[in-house]
2 protein chains.
Amino acid sequence: MPHNNYKSTARASLFMQSLPDKHVEPLLSHALFRQYTCGETLFIQDEEASGIHLVLEGWAKLYRIAPNGSEVVVSLFTRGESFGEAIALRGGHYPVSAEAATDCTLLILPASVLVRMIHDDPNVAVSLLASTFGHLHSLVVELEHLKAQTGTQRVAEFLLGLRQCDDDGCRIVLPYNKVLIAGRLGMKPESLSRAFSRLKPYGVRIEHNCAFIADVARLQEYAKIDPAQAWSNSG
Amino acid sequence: MPHNNYKSTARASLFMQSLPDKHVEPLLSHALFRQYTCGETLFIQDEEASGIHLVLEGWAKLYRIAPNGSEVVVSLFTRGESFGEAIALRGGHYPVSAEAATDCTLLILPASVLVRMIHDDPNVAVSLLASTFGHLHSLVVELEHLKAQTGTQRVAEFLLGLRQCDDDGCRIVLPYNKVLIAGRLGMKPESLSRAFSRLKPYGVRIEHNCAFIADVARLQEYAKIDPAQAWSNSG
DNA sequence: CTGCTGTATTGATTCAAATCATGGCCCGGG
DNA sequence: CCCGGGCCATGATTTGAATCAATACAGCAG
């Protein structure tokens, strides 16, 4: 991501797509362009919220440290996605910490400009609401997966969600390392490894950081069945 | 909840507290007052969103039916709490279903009035964002509990969250039946039963629909420890 | 090349929770 | 009164995933 053409990427992001043209330029001219190396901290929990974070390239991880010390991955965002809309606008402290899951590039849009824009055009507020609602919805889906699926089924769902093509079979580049994938899916790396093996009979092959799905429909079927049957059905 | 004085309850709700007085009256005059009996459906997933739901009395349950048929409880709301802000304003379809978890009374605020109010006073948008952010935050906390705690620890957390008084020991009325508590906590009723027994050594006593906590601090401590130790430490 | 560190798999074992099954208790209807 | 159904607790058993432990392997510094 060269510094001089990031604006087109920002314009194409989910968040800015819904904004009228006249708002985008002032927003971008006040935005901070930032590059992070893998593992670097973007902000920490309880810090004062500074602005909306828009990912231009790479992956950012939102996480919390539970009272018992374990790290809980809340979400992962990539190119074109944004987070922190609601808290930036409302003001207050981040409820989560964030770090770079890979080397990444972000744009930070200061809340003050957004507030001015809302007064100028209330439809901007609806854009912000829509973004926030998207996050709400994805957490609901995540909760559903955690409560209603086995780990192996969540892995299947994860692979299916990453797939770009709509082909019957396809190749998926795993976006970050397996420790992080495991965390994202609420399991330990060892369990992820075993889950991958269990998906082999369903036409999933893992090689280094690539996954190959032989039969998408079959895998989708597997992700949907009753957890109690998810194991007996191996073959 | 008598029909003739519900307005003061509504005014005191989390959502309306943050609205300036001048907006509350028009909102209430357009609101629908509704009473439901336990188990009745408020709306179903994929239905067109009609308005913000504000609970005046009782409990409302938001849930999803997973592809494998099992019901996943997403949230439960009671007196003074509201849900559906973002989707009502943005327009679109409910991502969850809702039903009355107990007999309950709701106020439904039509989105159209809200939209008008936002144009009149953009600060209303910030109120809405704040409500939505609250939901986002509670889902994050829920996710953390699911990923980082054992079932028994989640039960402890649940009891602690219900406690009204700040006394060292206290009595808690369980707000709905145990099947629903189990669902809310992502476990089966049998497991909830066993979890209650396991909390006995930590000074928790269950009688019918009441829980008694002998030593709040001790239970808080238990909810925070490492899951691996959560079992060995029984004494 | 050697040794090192971080990442990944694989095996043996333990353990939390689901599942399957039973029995108690309360409540309302015939 | 007894009967049946909903709700809850308890026991026996199975199972999904964590844990503990060993090993493999790629990338890199010296």
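Each chain gets a letter, A, B and so on, in the order its sequence line appears, and its residues count up from 1. Fair warning: this is a prediction, and the values are worked out from it, not measured in the lab.
Between the C1' atom of C:dA17 and the CZ atom of B:Arg154 lies a distance of 10 Å, rounded to the nearest Å. Rounded to a whole Å, the CZ atom of A:Arg198 is 13 Å from the P atom of D:dT15. Computed from coordinates, the A:Leu185 CG to D:dA18 P distance equals 11 Å when rounded to whole Å. As rounded to whole Å, 14 Å separates atom C1' of C:dC26 from atom CG of B:Asn209. The distance from atom CE of A:Met187 to atom P of C:dC15 is 22 Å, rounded to the nearest whole Å. Rounding to whole angstrom units, CD of residue A:Gln149 and C1' of C:dA17 are separated by 18 Å. If you take CD1 of B:Ile181 and P of D:dC7, they are 13 Å apart, rounded to a whole angstrom. Atom NE2 of B:His145 and atom C1' of C:dA17 are 19 Å apart (whole Å).
When the salt bridge (Lys or Arg N to Asp or Glu O under 4.0 Å) test is applied to B:Arg154, no partner is found at least two apart in sequence or on another chain. Residues that satisfy the side chain to side chain donor-acceptor pair (under 3.5 Å) test with A:Arg205, not counting sequence neighbours, are A:Glu207. Qualifying side chain to side chain donor-acceptor pair (under 3.5 Å) partners for B:Thr37, counting only residues two or more places apart in sequence or in other chains: B:Glu40. Every residue two or more places apart in sequence or in another chain that forms a side-chain contact (heavy atoms from CB on, under 4.5 Å) with A:Cys210 is listed here: A:Arg171, A:Val173, A:Phe212. For A:Ala49, the side-chain contact (heavy atoms from CB on, under 4.5 Å) partners are A:Ile87, A:Tyr94, not counting sequence neighbours. Remark: B:Glu142 pairs with A:Lys147, B:Arg184 by the salt bridge (Lys or Arg N to Asp or Glu O under 4.0 Å) rule, at least two apart or across chains. The side-chain contact (heavy atoms from CB on, under 4.5 Å) check on B:Ala100 picks up B:Tyr36, B:Cys104, with sequence neighbours excluded. A search for side chain to side chain donor-acceptor pair (under 3.5 Å) contacts involving A:Thr132 returns nothing, not counting sequence neighbours. For the side-chain contact (heavy atoms from CB on, under 4.5 Å) test, residues two or more places apart in sequence or in another chain that qualify with B:Glu99 are B:Lys61, B:Tyr63.
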>> So if I define the base as every atom that isn't primed, P, OP1 or OP2, how would nucleotides 6-14 of chain C read as a B/S/- string at a heavy-atom cutoff under 4.0 Å?
In response: --SSBBB--
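Within residues 63-72 of chain A, no residue approaches DNA chain D, by heavy-atom distance under 4.0 Å.
Atom NZ of A:Lys188 has 12 or fewer neighbouring heavy atoms from other residues, nucleotides or ligands inside a 6.0 Å radius.
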> What would the secondary structure line of DNA chain C be in dot-bracket form, counting Watson-Crick and G-U wobble pairs under 3.5 Å, with [ ] for pairs that cross earlier ones and | for pairs with another strand?
Replying inline: ||||||||||||||||||||||||||||||
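In this structure, the ring of B:His53 has its center no less than 6.0 angstrom from the ring center of B:Phe77.
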